[in-house]
J.: 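Got a structure for you, questions after.
In what follows, every chain begins at residue 1, and chains take the letters A, B, ... in the order their sequences are listed.
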Number of protein chains: 2
Amino acid sequence: MTGTLSVPQIREQRGIRMVTMKEVAEAAGVSIATVSRVLNGKDRGRIKPEIAREIKRIAKDLGYRPNLVARNLKTRSSRILGFISDEIATTPFAGRIMLGAQDAARELGYILLTVNTGNDPDLERRQIGIVRQYGADGFLYAMMYHRKVDIPEQLDDLPVVLVDAEDRAGARPSICPDEYGIGYTATRRLLDAGCRRIAYFGADVPIVAQSERLAGYRAALDESPIGYDDRLVLAIDEHDVYGDVPRLFDECRPDGVFCFNDVRAHLAYREADRLGLTVGRDLSVVGVDNQPFIAGILSPALTSVELPHYEMGYWSVRKLISLIERTGDSALPEPSIAEGGPSLLADLNLMLPAGIHAPLPSLTQDRAQVSCVLVEKDSVAPASQG
Amino acid sequence: MTGTLSVPQIREQRGIRMVTMKEVAEAAGVSIATVSRVLNGKDRGRIKPEIAREIKRIAKDLGYRPNLVARNLKTRSSRILGFISDEIATTPFAGRIMLGAQDAARELGYILLTVNTGNDPDLERRQIGIVRQYGADGFLYAMMYHRKVDIPEQLDDLPVVLVDAEDRAGARPSICPDEYGIGYTATRRLLDAGCRRIAYFGADVPIVAQSERLAGYRAALDESPIGYDDRLVLAIDEHDVYGDVPRLFDECRPDGVFCFNDVRAHLAYREADRLGLTVGRDLSVVGVDNQPFIAGILSPALTSVELPHYEMGYWSVRKLISLIERTGDSALPEPSIAEGGPSLLADLNLMLPAGIHAPLPSLTQDRAQVSCVLVEKDSVAPASQG
DNA sequence: CTGAAAGCGCTTACAG
DNA sequence: CTGAAAGCGCTTACAG
């Protein structure tokens, strides 16, 4: 039976021993206080430069790495951020929130303790408790679609930033996609393409994304000579494969469609097929999500608005850290633009885009919105000149 | 300027103070040693039961929660697992690996420190170093598609389990989907449906998944009276929208297609359309991934083999913990079957399935494979009797 | 310029 | 049955 060994015994047996500050101090012939000062850059004018240099050299040679557990116990700052999500990991895009959060955290010397609540309040409470026990300096509270939420009181004494959600109490900073802008931009693009009868294929669920995208669509039309016509607006249940789409096409003959998401855009392609229209010429279509999967299926390729998941994750961590450290925007190092390299998976059409594609809001904002990028493919007619 | 406050000062100012063991001890009129014993369940026959009860009551009333940073420093076991992934978060399915890992970790009292390497070896090295400094007891090394990898030497002295990857050196335990089984099962299903000319729409990239699924497909055919015919096998570049598919259909008239993934299955639907065949009757199609997105688009709904991402994440954590604690399979509590509840997002077709759907391999295995479930929809003709 | 000492909040031999 | 003490590996006033 090896079952009687304790974890430290096992570590010992396996030879897991980190070099400690004490060993560095001994090798350098100084006190650990001196080593600590040098290695933490607090030696300016306090420790003889040649000694400092020697200590650094020895620490490096010995492969010394500070034990963060010990440091955290002493300093009560863990540089750990709790990343609480509902079911984010099960949605195909939202991994990018985590990716953006991880990148920003790494750049600023923080790390993420991630935890999933599956929308179970009791589980959430327990999980938050545990992350707190690990000393998290603050929390990211990431939802998988744009909605209003209540932050558990448990977090009242800690900085929190919401991602793709808004604090119902209005007390916490948050970042969301500019849903209104999505509808507006997409519709403007269709107007520029010369479309005169632009339909909206909406979602039939009551979420912020739906109502705001519709509002943006409507605003663009209201501003235009064409105006808004509610006969062109549909709330579509994706499972109801036929629904009202054919009737809308037969009655109104739209020449442009703004779709709540890429999946719904597919319905426009199907109608084009049925009616002998060519997408990108007779019928222009704009989706939302810019899903590579769908791109692999639809032909011509779908012009679609990309949601700024990476950017939201990235911004939210920077905001959170600015709160934790009580510093302003300017105190944090510049964002380094993260770029995704090429990947084998691109060939399998499995990759979702990551990296910063849209300008980030200032960290001074408390209810930030990220604008979304319309990715041009071939499903919208070229913009008419002037 | 508030920038002069240190993090502990800020915490103080915000009133972030956890109840300590010392306070519990004082309130109970005992020593902290006694409190520690009671709260860690080491009081059997060592502390008077009524005192123990009293201490527990007081701890609860005071809302005492042990400071894990302090405990970890002392015990040198952090119950933190490093979750290293390449670009997993950018692929739509693989969040489920993390979800399964998180669920298993939670059930066993561990937590995940997640870090992304973006396939950059230098970044990987640094990130692993940091997670080690936080005292991780072991590492999960998760890749986003099945391949052979080298584990960095940095991890030589710590337990590691690979997810959706195999250790080239053969030294580390790993878990992967049973790719061969996928090809075999899908092809058998098509044979049972009475198909006589079954094509394989493969991928044109050299990954384990491709060659093994093909091998399984071939084995099923070799076993059958029909036999294998390489004219029915295609390596398809998803971006090359036309490719060899139409020629294959014209020349061989397949009545069944096993597709490397759901996106490629779409090509079979398109051919059916072109040739006036009804999918699910004249032409049976099986995909892999069971992507809800694609399901929302293809009609009739696609029968597809689901990859066991959740299961792999779940198993790998249990395996890792059994290594860390040097316990066998039986020492860990039974897996609780995780079930995903209903969700608004299901209406948006955004959810990927999570939870345990396939039997988990025993923890004694070192190169585990999870079998994959074929999810029946409507794209395959009913199995013929007998 | 440098070190001895206290202490962060725990756990655990050791002694009684 | 219980407590005093040492110690995990750091940081940081304090003293010199």
Side-chain angles (χ1 to χ4, degrees), chain A residues 5-9 11-12 16-26 28-55 59 62-79 132-135 137, chain B residues 5-9 11-12 16-26 28-55 59 62-79 132-135 137:
Chain A
L5 270 55
S6 69
V7 171
Q9 282 173 320
R11 295 184 85 109
E12 187 64 32
I16 306 175
R17 279 220 60 259
M18 302 290 288
V19 177
T20 76
M21 205 168 247
K22 192 170 164 204
E23 295 169 58
V24 176
E26 273 162 14
V30 298
S31 72
I32 57 165
T34 301
V35 175
S36 172
R37 290 190 187 106
V38 169
L39 265 20
N40 288 308
K42 300 190 174 166
D43 56 327
R44 296 282 319 249
R46 326 235 278 100
I47 278 121
K48 219 179 293 175
E50 49 273 34
I51 299 211
R53 230 173 296 121
E54 179 67 0
I55 290 174
L62 259 36
Y64 172 74
R65 320 251 21 211
N67 179 326
L68 296 183
V69 177
R71 175 185 287 169
N72 295 346
L73 179 60
K74 183 67 193 167
T75 63
R76 354 210 64 242
S77 132
S78 64
R79 300 186 88 84
R132 286 194 67 127
Q133 286 180 267
Y134 277 100
D137 292 334
Chain B
L5 270 56
S6 68
V7 171
Q9 282 172 320
R11 294 185 86 111
E12 188 65 31
I16 306 176
R17 279 221 63 257
M18 302 292 285
V19 178
T20 75
M21 204 167 250
K22 192 169 162 202
E23 296 169 59
V24 176
E26 274 161 14
V30 297
S31 72
I32 57 166
T34 301
V35 176
S36 173
R37 289 190 188 107
V38 169
L39 266 21
N40 288 307
K42 299 189 175 167
D43 56 329
R44 298 281 320 250
R46 329 240 274 98
I47 277 120
K48 222 180 291 175
E50 50 273 36
I51 300 212
R53 232 174 292 122
E54 179 67 1
I55 289 174
L62 260 36
Y64 171 74
R65 319 251 20 211
N67 178 327
L68 295 184
V69 177
R71 174 186 289 170
N72 295 346
L73 179 59
K74 183 67 193 166
T75 63
R76 353 211 64 241
S77 131
S78 63
R79 300 185 88 85
R132 286 195 67 126
Q133 286 180 266
Y134 276 101
D137 291 336

J.: Under 3.5 Å, is there a donor-acceptor pair linking the side chains of A/R132 and B/N67?
T.: no

J.: In whole Å, what separates the C1' atom of D/dG16 from that of D/dT12?
T.: 16 Å

J.: Taking side chain as C-beta onward, heavy atoms only, is B/E26 less than 4.5 Å from B/T20?
T.: no

J.: Can you measure A/R46 atom CZ to C/dG3 atom C1' for me and round it to whole angstrom units?
T.: 12 Å

J.: Starting at CE of B/M21 and ending at P of C/dG9, how long is that distance when rounded to a whole Å?
T.: 12 Å

J.: For A/R44 and D/dT12, what is the distance between atoms CZ and P respectively, to the nearest whole Å?
T.: 18 Å

J.: Under a 3.5 Å distance rule, please check whether A/D137 uses its side chain to pair with a backbone N or O of A/S77 as donor and acceptor.
T.: no

J.: Applying a 3.5 Å limit to both distances, which nucleotide forms a Watson-Crick or G-U wobble pair with C/dA13?
T.: none

J.: Of the nucleotides C/dC10, D/dG3, C/dT11, which one has an atom closest to the side chain of B/V30?
T.: D/dG3

J.: Return the nearest nucleotide to the side chain of A/S31; candidates are C/dA4, C/dT12, C/dG9.
T.: C/dA4

J.: With heavy-atom distances below 4.5 Å as the criterion, would you say the side chains of A/S36 and A/M21 are in contact?
T.: yes

J.: Has the side chain of A/K74 got a donor or acceptor that lies under 3.5 Å from a partner of the other kind on the base of C/dG7?
T.: yes

J.: Among the nucleotides C/dG3, D/dG9, D/dT11, which one has an atom lying closest to any side-chain atom of A/N67?
T.: D/dG9

J.: Atom CG of A/D43 to atom C1' of D/dT11: distance rounded to whole Å?
T.: 15 Å

J.: A/T34 side chain: which of C/dG3, D/dT2, D/dC10 is closest?
T.: C/dG3

J.: Both distances below 3.5 Å, Watson-Crick or wobble geometry, any strand: find the nucleotide opposite D/dA4.
T.: none

J.: Quickly work out the B/R76 CZ to D/dG7 P distance and round it to whole Å.
T.: 14 Å

J.: How long is the line joining CD1 of B/I32 and P of C/dT11, in whole Å?
T.: 9 Å

J.: Report the distance from atom CD of A/E54 to atom C1' of C/dC1, rounded to the nearest whole Å.
T.: 17 Å

J.: Quick check: on DNA chain C, is the nucleotide nearest B/K42 upstream (toward 5') of the one nearest A/L73, or the reverse? Name the residue that is more 5'.
T.: A/L73

J.: In whole angstroms, how far is the C1' atom of D/dC10 from the CZ atom of A/R71?
T.: 8 Å

J.: Should B/Y134 be listed as having a side-chain N or O under 4.0 Å from OP1 or OP2 of D/dG9?
T.: no

J.: Could you check which of D/dC10, D/dT2, C/dG9 has an atom nearest any side-chain atom of A/A70?
T.: D/dC10

J.: Pick base, sugar-phosphate or nothing for A/N40, based on heavy-atom distances below 4.0 Å to the nucleic acid.
T.: sugar-phosphate

J.: Does B/E54 reach the main-chain N or O of B/A28 with its side chain, forming a donor-acceptor pair under 3.5 Å?
T.: no

J.: Does A/R37 make a side-chain N or O approach to OP1 or OP2 of C/dC1 shorter than 4.0 Å?
T.: no

J.: May I ask you to say what B/I51 touches in the nucleic acid, namely base, sugar-phosphate or nothing, with a heavy-atom cut-off under 4.0 Å?
T.: sugar-phosphate

J.: Looking at D/dC10, C/dC10, D/dA4, which one has an atom nearest to any side-chain atom of B/A33?
T.: D/dA4

J.: Which one, C/dC1, D/dC10, D/dG9, comes nearest to the side chain of A/K48?
T.: C/dC1

J.: Got B/Y134 and B/N72 here, is their nearest side-chain heavy-atom distance under 4.5 Å?
T.: no

